[in-house]
Each structure stands twice: as C-alpha cells, then as structure tokens.
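Position 1 is the first residue of the sequence, and the numbers go up from there.
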Amino acid sequence: MSFSAAITNREKITLFYRMALSSAGRHILRTTCCTVRRFQCRGKAVYSDVHGFNEEDIRGKLLAFPGGSVDLVKQDSGIAVMTINNPARMNAFSGTMMVELEERVTQLEEWTEGKGLIVQGAAGTFCSGSDLNAVRAISNPQDGMKMCMFMQNTLTRLLRLRLISVAMVEGMALGGGAEFTTSCDFRLMSPDSVIQFVHKHMGLVPGWGGAARLVRIVGSQNALRLLGGAKKVDPEYGTQIGLASGVLNPANGTCALAEAEQWLAQYTKGPAAVIRAVKQVVVSGRELPLEEALRTEKDVFGTVWGGPANLAALDSKSKHK
C-alpha cells in the first residue's frame, strides 16, 4: 500500500472517530445541559435531597389526582399569561395542576426573552387553594409535608423568576390561592374580589410559604390579623396594608387582563436584558445578606454596562441636559 493511500485511510479512520466522538459529545453536552438546568432550577428552590425531599416521589403521588390545568401563553411582547384553570372547583389545585405549575415555572425560567408575568384564574375567580379530594387522599403527615415542600419550592422559584410578576385577583383567592398571590411581585384586585387566608378555619397554617412571604409584604402585625383572624381583605383594606398594589377598574369595554397588561407595562417597558437585571438585583437585595447582595449587584451591573441598551441610551441622550 502506498504512503498516500495509507494517509487517506488514516484520514478516513480519524474522520470516523471524530464523527463518533462528535455525536457522543453532542449527546453528553445535551445531557449535561439538561442536568445543569435542572440543578440551577433546584438551586433557586428551598428543599433538595439534602433535606430528605424526593421530588419524583411526590410528583408520582400528585399525578394520581387529575383535574384542571395550568395554562401558559408566552406573548411576543415579553409578557406571559398563566391561567389557573379548574372552574368546576373554583380553580382549586388538583395534584396534576401542582405538577403542571412546576413545569410552567421551569418553562418561564428558560424563557430568556421574557420580561413580565400575569397570573389569573379562569372564569372570573382566582383560586380556592387545594382540591380537597387530593388533600384527603394524602392527609397523612408524611405526604402532607412532601406536598408542602413541593409547593414551597415551586412558588419560591416563581417569586425568584427574572420576570416582574403580578397576580390579577378576580373573585376569591382563598387559602392556598391567597398564598399564591404572595408569590408574585404585585397584586391587582378587581372591585369585588377578596383575598382570605382561611387556614385557621381548616385547622391549619399556610404550608405553601404564604405566611413567610406575607410578613415581608404587610409586616408581622398585619400578617397576624390576616392569619389569626382569617380576615377578608377587600381592595380598600388590601391597598391600605400594602397587600394590593392597585385596583382594577376596566372601562369602555376594556377587559381586566388588558388593564393588567397596561399596568404591568410601566415596569416592563424596555429591553428584556435590563428588566431581567432589575428583577435580579431586587431579589438579591431582598434575600441575601448585604455584602453578598452588593457583590451580586456588581456582577449583574457588569452584564448590562456597555451593553446594547446602555450604549443606545448614551448615544441618544444625556441625563445632564
């Protein structure tokens, strides 16, 4: 065999191995990326296997209780609309809906073009908490704790999304539904809506993280009033204590969702990278010790300094005029 033929064969063999390795490499890369994304998502949550939390175990139990859906529409405007959809049960969360909610949050975490999120309930009411059929079926303390950890993880991740979120409360937000509203950055209430933490009447306290978030929103004394008194919060009282960020008042045929989108637009107008950076530094400032929050702010600042939006602003205007 000639030298040139040997080279040709060697090149073919090398090419074959490169293709094989490339294929394997792509598979490994895809697998690694999926694993990293899942790890990152869990890193934004509260509980992991370190705390004895087996997510797949509770997912399997929850999926045994079907009904309703959690629908998500991502719009070209960068605003997503999530709908809690189980009107036959006042939009109570079935087991499958809890799992769907976690999946929708994952989709939003991966949506790099997103800027805002509106959460609404179907058919003119927000959410009445957990579907009692599912609750009764997993009423033993072990499964109840697992469901608690699952929903705390999901709603904590929702609150930490790099999207500015608002709960659009129409009708009733009761129990777990009231807790859900606290996992958004803002709450808009329709004139006839009510938010009520009814847990005491059920012999419970909030289990989806609603109490911890409520204290941060309205302060400890108001939180005691709402939880200890199971007090009904209408738009006037909600605005007074800072639970409601505004009152919806659709006029001239404008629907509540369109008004909520207009309200949210005042905070989401601008490039997605900037809006997402704003949300990130607010979350770090709220949750991290000061020095760590300052370092995070520095790192996030570095992602937008000299970026397209920054350069465009410098070219078009001067703040010193």
Side-chain angles (χ1 to χ4, degrees), residues 36-53 55 80 82 98 101-102 104-112 114-119 145 147-167 176 178-188 195 197 205-224 226-227 241-245 264 267-268 270 272-305:
V36 168
R37 282 199 301 270
R38 196 165 184 81
F39 175 79
Q40 289 172 336
C41 290
R42 290 182 176 180
K44 297 174 185 174
V46 181
Y47 305 104
S48 67
D49 52 3
V50 175
H51 307 93
F53 176 61
E55 181 178 306
M82 179 187 290
M98 293 181 191
L101 175 63
E102 190 275 336
R104 300 295 177 259
V105 170
T106 298
Q107 292 171 13
L108 291 169
E109 286 170 333
E110 296 174 349
W111 188 33
T112 56
K115 299 189 290 183
L117 171 67
I118 298 172
V119 180
M145 290 290 285
M147 181 189 69
C148 167
M149 290 189 283
F150 184 87
M151 289 300 288
Q152 281 193 16
N153 272 359
T154 300
L155 294 179
T156 299
R157 285 168 53 195
L158 189 149
L159 183 59
R160 290 173 174 171
L161 286 171
R162 294 185 186 179
L163 309 172
I164 299 177
S165 58
V166 58
E179 292 190 66
F180 197 122
T181 69
T182 66
S183 67
C184 294
D185 298 310
F186 299 105
R187 284 145 296 281
L188 294 176
I195 299 174
F197 295 82
V205 296
W208 294 359
R213 293 188 296 268
L214 183 65
V215 169
R216 285 161 172 76
I217 295 168
V218 302
S220 59
Q221 289 191 357
N222 283 323
L224 281 172
L226 300 192
L227 297 176
I241 64 175
L243 184 60
S245 311
L264 184 58
Y267 304 114
T268 58
V274 176
I275 305 305
R276 293 167 67 83
V278 167
K279 177 62 184 288
Q280 188 176 0
V281 296
V282 169
V283 169
S284 67
R286 179 184 66 220
E287 299 190 2
L288 299 177
L290 178 59
E291 290 186 2
E292 191 174 347
L294 290 171
R295 287 192 291 269
T296 300
E297 186 172 319
K298 177 262 298 178
D299 293 340
V300 175
F301 176 80
T303 67
V304 291
W305 175 265

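At least one side-chain heavy atom of K279 sits less than 4.5 Å from a side-chain heavy atom of V283. Using a 4.5 Å heavy-atom threshold, the side chains of R213 and L159 count as touching. Annotation: side chain of T296 is in contact with side chain of L288 (closest heavy-atom distance under 4.5 Å). Side-chain atoms of F180 and L158, non-hydrogen and from C-beta on, do get closer than 4.5 Å to each other. Within the 4.5 Å cutoff, the side chain of E102 has heavy atoms near those of the E55 side chain. Inter-residue side-chain proximity for K115 and I164 is flagged as unmet; no heavy-atom pair is nearer than 4.5 Å. In this structure the side chain of L101 reaches within 4.5 angstrom of the side chain of L155, judged on heavy atoms. You'll find the side chain of V166 stays beyond 4.5 Å of the side chain of C184, heavy atoms only.
For the atom pair CD (Q280) and CG (D299), the distance works out to 8.5 Å, reported to the nearest 0.5 Å. If you take SG on C148 and OH on Y47, they are separated by 5.5 Å, rounding to the nearest 0.5 Å. Note that the CG atom of D185 and the CG atom of L264 stand 9.0 Å from one another [nearest 0.5 Å]. The NZ atom of K44 sits 4.5 Å away from the CD atom of E109 when rounded to the nearest 0.5 Å.
Between the side chain of Q152 and the backbone N or O of V46 there is no donor-acceptor pair closer than 3.5 Å. The main-chain N or O of A45 is never found under 3.5 Å from a side-chain atom of N153 such that the two would form a donor-acceptor pair.
Heavy-atom neighbours of R216 CZ from other residues, nucleotides or ligands within 6.0 Å: at or below the threshold of 12.
The shortest non-hydrogen separation linking G114 to A272 is O-CB, 4.3 Å. For the residue pair L188 and S245, the shortest heavy atom distance occurs at CD2-C, 4.3 Å. When all heavy atoms of R187 and L243 are compared, the closest pair comes out as NE-O, 2.6 Å. The minimum heavy-atom distance between R276 and W111, with the atom names listed, is NH1-O, 3.1 Å. What you find for I195 and A178 is that their closest heavy atoms are CG2-CB, 3.7 Å. Here the closest heavy-atom approach between residue S284 and residue A293 is recorded as O-CB, 3.5 Å.
Ring pair Y267/F186: centre-to-centre distance below 6.0 Å.
Using modelled atom types, one finds a donor on one side chain and an acceptor on the other under 3.5 Å when comparing T106 with R157.
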*Does the pair L108 and L117 meet the rule for a side-chain contact (heavy atoms from CB on, under 4.5 Å), with working shown?*
CA-CA 9 Å; L108 291 169; L117 171 67; 3.9 Å; yes
*Hey, mind stepping through L214 and E179 against side-chain contact (heavy atoms from CB on, under 4.5 Å) and telling me if it holds?*
CA-CA 8 Å; L214 183 65; E179 292 190 66; over 6 Å; no
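Using a 4.0 Å cut-off between charged side-chain N and carboxylate O, R160 and E287 make a salt bridge.
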